[in-house]
Amino acid sequence: MDPGEGGSPAAPSTSIAAPAFRAGPGADTREDAGKQVVVILVGPPGSGKSTFAEAVMAAAAGRPWARVCQDTIGKGKAGTKIQCLKAAADALKEGKSVFIDRCNLEREQRSDFVKLGCTVQADVHAVFLDLPAKVCISRSVSRTSHEGNVQGGMAAMVVNRMLKNKQAPLLTEGFSRITFCTDDDDIKKAVDMYSALGPSHSLASGVFGQKSKGPVQTGIMKFLKKADTSSVNKSSGTMVTSSERKTGQQNTTLKQENLEAGGACSMQVEKKLDNLKEKEEQSKERVSSDTSLCTLAFPSISTADFQFDLEKASEVIVDAATDFVQKHDNVRLVLVDLSQKSRILSLVKDKAAKKSFDSSRFFTFVGDITQLHSKGGLQCNVIANAANWRLKPGGGGVNAAIFNAAGEALQHATKECADTLRPGNSVAVPVPSTSPLHQQEGVTHVIHVLGPNMNPMRPDCLKNDYTKGCKVLHEAYNSLFENFATIAQSYTGKQNDETSSRKSASGVISPNDSKTKREGSDDSERTKKYNSMGSSDAPNQAREEDNKKNAAVTNKTWGSWAQSLYEVAMHPEKYKNADSILEISDEFVVLKDLYPKAKRHVLVISRTDGLDSLADVKKAHLPLLRSLHSAGLKWAHKFLEEDASLKFRLGYHSVPSMRQLHLHVISQDFNSPSLKNKKHWNSFTSAFFLDSVDVMDEVDQHGSATINPDEKLLAMELRCHRCRSAHPNIPKLKSHIAACKSPFPSHLLKKDKLLSASTMRAGCS
DNA sequence: GTTCTAGAAC
DNA sequence: GTTCTAGAAC
């Protein structure tokens with residue numbers, strides 16, 4: 001069989017498949033008919049778009065390039081988008097490949113340029129110059145002769161405004177290749193790659209260079225590995241379409257050919273494999289191109305770690321799923337499992353076969369639920385997660401895989417929507433557009449589901465009560481599918497409405513929507529019912545474990561320099577004459593911070609021995625936390641009487657540097673020479689700073705505070721705590737905050753987290 | 001050249 | 001937590 005048959009262009013027989021150069025991941029160039037390329041450079045001012053295009057054009061390997069720059073298109077001055085589109089179309093007609101050199105950070109802004117590719121059948125690529133905001137600001141602030149006049153003091157504002165709305169390019173926009181560059185090294189590699197892209201070469205398709213997840217390997221080596229293990233079906237799913245079945249057969253034939261040839265014709269084999277790979281990708285395309293159906297991929301709930309009987313679970317799945325697809329149009333449900341030998345898949349397949357419904361709208365699929373698009377060719381807008389009750393990552397299985405694949409963004413987005421989940425319930429979380437799961441797999445929502453548990457080692461064990469178990473499992477699937485239907489509805493409605501689908505993707509459809517839903521009467525009824533079923537005290541055990549873990553965190557050794565607060569707390573009388581001690585009680589000492597990070601900054605130090613930090617705090621300490629809080633409030637009020645322009649926050653550092661639990665009372669001007677570095681700034685303005693009111697709530701509800709000990713929080717880029725603008729360094733940040741009059745973020749206005757003269761008055765009245 | 005950051009030592 | 005300082009960034 002000739003693998004070249006079937007319409008893919010035959011490569012020149014004299015050429016070799018492997019490129020003569022290789023410039024980093026994804027530089028999998030092939031010689032072929034020589035398509036033109038439209039490269040859309042995406043990045044804010046200062047990200048180096050023009051430099052990129054100029055560098056490639058200066059070193060280009062024979063391919064004719066044109067650079068379309070909006071900043072110069074009007075006779076050397078800034079022009080319009082229309083002018084750019086026309087110039088690009090003209091250059092393409094002349095046979096040139098084109099760099100689109102305008103920011104194009106939003107999907108809508110670049111969509112017309114993506115369409116250009118269709119007119120001349122050119123490949124459309126995106127190169128996303130996704131450098132840290134502070135680098136772009138820094139560069140654009142300092143440049144003196146920018147073509148578009150984005151320089152000097154205005155630059156920071158422009159860059160910040162643009163970055164607020166940035167949307168990373170997605171394959172679904174119509175790009176055949178997306179290259180992420182997050183530092184100068186990435187940029188250099190990408191420049192080298194495009195420079196070496198000769199007129200008859202083309203670059204491999206896919207997403208390359210995303211740091212959070214390895215590049216999607218689409219090179220020939222991956223395919224060779226596949227061919228060696230004959231595992232095409234295993235990795236690309238069992239929803240064997242006719243085209244895929246054909247590919248599988250070709251693959252086997254090819255392997256035999258290779259063996260017979262004894263490897264002597266390895267070049268030819270490589271070439272054939274290359275063609276086959278393309279064909280395989282085309283077949284994937286056919287599977288995934290059915291985008292008229294909003295698709296939910298879901299794992300079997302409760303049958304893994306929760307040890308729910310597979311036979312019974314499969315009945316529930318088939319019942320709930322077939323019922324759902326019969327009632328809803330334009331949706332597909334796909335039950336996914338990793339292994340081809342999956343018993344739950346075969347049970348479901350068998351049971352579903354006995355029912356009459358449209359089998360293209362509910363089927364099973366073998367593959368990794370986090371890589372359905374890239375590895376399995378199955379486009380799913382929504383995936384379900386078999387979550388734990390705390391909605392926390394880890395624990396192994398699907399939950400760990402999904403949180404891993406989605407990155408931290410999903411953890412934060414989840415936290416926005418819900419803190420915990422009861423068995424039988426689900427919560428839909430919009431996947432942030434920054435998440436690799438969104439960018440690489442096109443997943444816009446993850447729905448966390450908690451099913452019934454039959455494992456005595458896990459919380460809420462139903463002790464083999466399958467009457468309740470099946471009921472709760474049914475509720476879990478119904479809740480999942482209902483949530484999916486809501487998403488599908490908005491999705492279908494917005495398919496032709498780019499703007500609103502963008503909002504949905506970036507999470508502007510407020511997470512509160514799902515929160516409201518979650519807390520709706522239906523759910524609370526269910527929760528009540530479930531509670532009355534006599535759930536075990538296992539969640540408390542889990543919390544107990546949490547507390548132990550937290551204690552272990554604090555089991556660190558404190559340096560001698562970290563002991564001073566402990567000394568003051570244990571023996572305040574020794575220091576009572578010092579100016580810095582403001583108040584001493586049995587429970588706490590109030591101390592002026594020796595190195596205040598704002599105009600007013602005091603510490604309310606607990607006097608309980610052994611309570612080193614927040615991680616040691618348990619429910620029994622709640623009265624103490626309340627005492628510390630009211631002492632803090634009292635002092636904040638006193639300071640507000642002296643200066644009504646101040647605002648205060650009361651809170652704890654997630655991981656304090658000084659031993660002995662202490663509450664910070666700090667004014668929000670951050671006007672102090674002692675605030676010197678990034679760590680200082682981020683420790684008071686990022687999630688590292690835990691508001692006292694939240695801490696008390698959590699300790700009250702869960703017996704401990706949720707601590708995010710992530711050091712990355714302290715290393716984050718410098719952003720204004722009011723308007724969230726980014727700044728390249730501390731001095732620039734400080735001059736900005738001295739002038740910034742933006743309102744504080746809304747989350748601080750809730751629960752009186754931000755104290756001001758007016759909230760104080762309101763509190764008194 | 002100066003400014004600024006980040007890591008080591010305390 | 002701070003101070004000191006090498007060296008990166010400008």
Side-chain angles (χ1 to χ4, degrees), chain A residues 45-48 51 131-146 150-153 155-156 159 182-188 553-554 556-570 575 578 580-581 589-598 600-606 611-616 651-666 670 672-686 688-690 707 709-720 726-738:
Chain A
S47 57
T51 317
L131 305 181
K134 68 171 200 175
V135 172
C136 302
I137 291 170
S138 186
R139 284 181 189 168
S140 47
V141 164
S142 56
R143 63 186 168 191
T144 50
S145 59
H146 179 246
V150 177
Q151 62 190 53
V159 172
T182 53
D183 56 34
D184 289 341
D185 194 41
D186 289 349
I187 293 176
K188 191 183 173 305
V553 171
T554 25
K556 66 176 188 182
T557 44
W558 300 88
S560 57
W561 48 263
Q563 303 286 350
S564 45
L565 297 184
Y566 175 76
E567 280 303 310
V568 172
M570 293 304 115
Y575 308 89
S580 53
I581 299 243
V589 178
V590 181
L591 180 74
K592 277 191 204 168
D593 195 302
L594 186 59
Y595 299 94
K597 305 300 183 294
R600 293 291 191 184
H601 184 188
V602 301
L603 308 176
V604 185
I605 311 165
S606 150
L611 204 57
D612 288 347
S613 76
L614 204 52
D616 302 322
Y652 300 87
H653 280 159
S654 293
V655 183
S657 302
M658 306 283 276
R659 177 184 176 190
Q660 196 65 11
L661 180 72
H662 55 280
L663 172 75
H664 289 268
V665 178
I666 184 163
F670 297 109
S672 162
S674 295
L675 197 156
K676 291 177 177 170
N677 58 45
K678 191 179 260 190
K679 190 175 171 182
H680 292 154
W681 177 255
N682 284 329
S683 74
F684 288 103
T685 58
S686 74
F688 189 85
F689 188 82
L690 303 170
I707 291 162
D710 198 342
E711 290 289 320
K712 276 187 228 145
L713 287 172
L714 298 175
M716 289 193 312
E717 58 186 354
L718 298 166
R719 286 190 175 272
C720 172
H727 300 269
N729 54 49
I730 287 285
K732 294 214 165 66
L733 171 77
K734 285 182 128 182
S735 50
H736 167 82
I737 56 170

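Every chain is numbered from 1, with letters handed out A, B, ... down the list of sequences.
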(request) Verify the stacking flag for W561(A) against dG1(C): centroid separation must be under 5.5 angstrom and the ring planes must differ by under 30 degrees. (result) yes
(message) Is it the case that the side chain of K734(A) and the backbone of S672(A) share a donor-acceptor pair, with hydrogens and angles ignored and the cut-off at 3.5 Å?
(response) yes
(message) Using a 4.0 Å heavy-atom cut-off, does L594(A) contact any base of the nucleic acid, only the sugar-phosphate backbone, or nothing at all?
(response) nothing
(message) Tell me the interatomic distance from H680(A), atom NE2, to dG7(B), atom C1', rounded to whole angstroms.
(response) 14 Å
(request) With heavy atoms under 4.0 Å as the rule, sort K679(A) into base, sugar-phosphate or nothing. (result) nothing
(message) Quick check against the 3.5 Å criterion: does Q660(A) have a side-chain atom that pairs as donor or acceptor with the backbone of S606(A)?
(response) yes
(request) Could you state the atom-to-atom distance from CH2 of W558(A) to C1' of dC10(B) in whole Å? (result) 17 Å
(request) Looking at every strand, decide which applies to K597(A) at a 4.0 Å heavy-atom threshold: base, sugar-phosphate, or nothing. (result) sugar-phosphate
(request) Please work out if H653(A) contacts a base, only the sugar-phosphate, or nothing of the nucleic acid, heavy-atom cut-off 4.0 Å. (result) sugar-phosphate
(request) Check whether any side-chain heavy atom of N682(A) lies under 4.5 Å from a side-chain heavy atom of L713(A), and answer yes or no. (result) no
(request) Report yes if at least one side-chain N or O of S564(A) is closer than 4.0 Å to OP1 or OP2 of dG1(C); otherwise report no. (result) no
(request) Can you tell me the distance, in whole Å, between the CG atom of L603(A) and the P atom of dG1(C)? (result) 9 Å
(request) Please report, rounded to the nearest Å, how far the C1' atom of dT2(C) is from the OH atom of Y595(A). (result) 5 Å
(message) Tell me if a side-chain donor or acceptor on H653(A) pairs with a main-chain N or O of S683(A) at a distance below 3.5 Å.
(response) yes
(request) Find the distance K734(A):NZ to dT5(B):P and express it as a whole number of Å. (result) 10 Å
(message) Between K732(A) and dC4(B), is there a contact of a side-chain N or O with OP1 or OP2 at under 4.0 Å?
(response) no
(message) If you define the side chain from C-beta out and look only at heavy atoms, does anything of I187(A) sit under 4.5 Å from L131(A)?
(response) yes
(request) Would you kindly give the CG-to-C1' distance between L714(A) and dA6(B), to the nearest whole Å? (result) 13 Å
(request) Taking only the side-chain heavy atoms of K676(A) (C-beta and beyond), determine which of dT3(C), dC4(B), dC10(C) contains the nearest atom. (result) dT3(C)
(request) Figure out the CG/P separation between N677(A) and dT2(C), and round it to whole Å. (result) 8 Å
(message) If you assign each of S560(A) and L718(A) to its closest nucleotide in DNA chain B, which residue comes earlier from the 5' end?
(response) L718(A)
(message) I need the CD1-C1' distance between I666(A) and dG1(C), as an integer number of Å.
(response) 14 Å
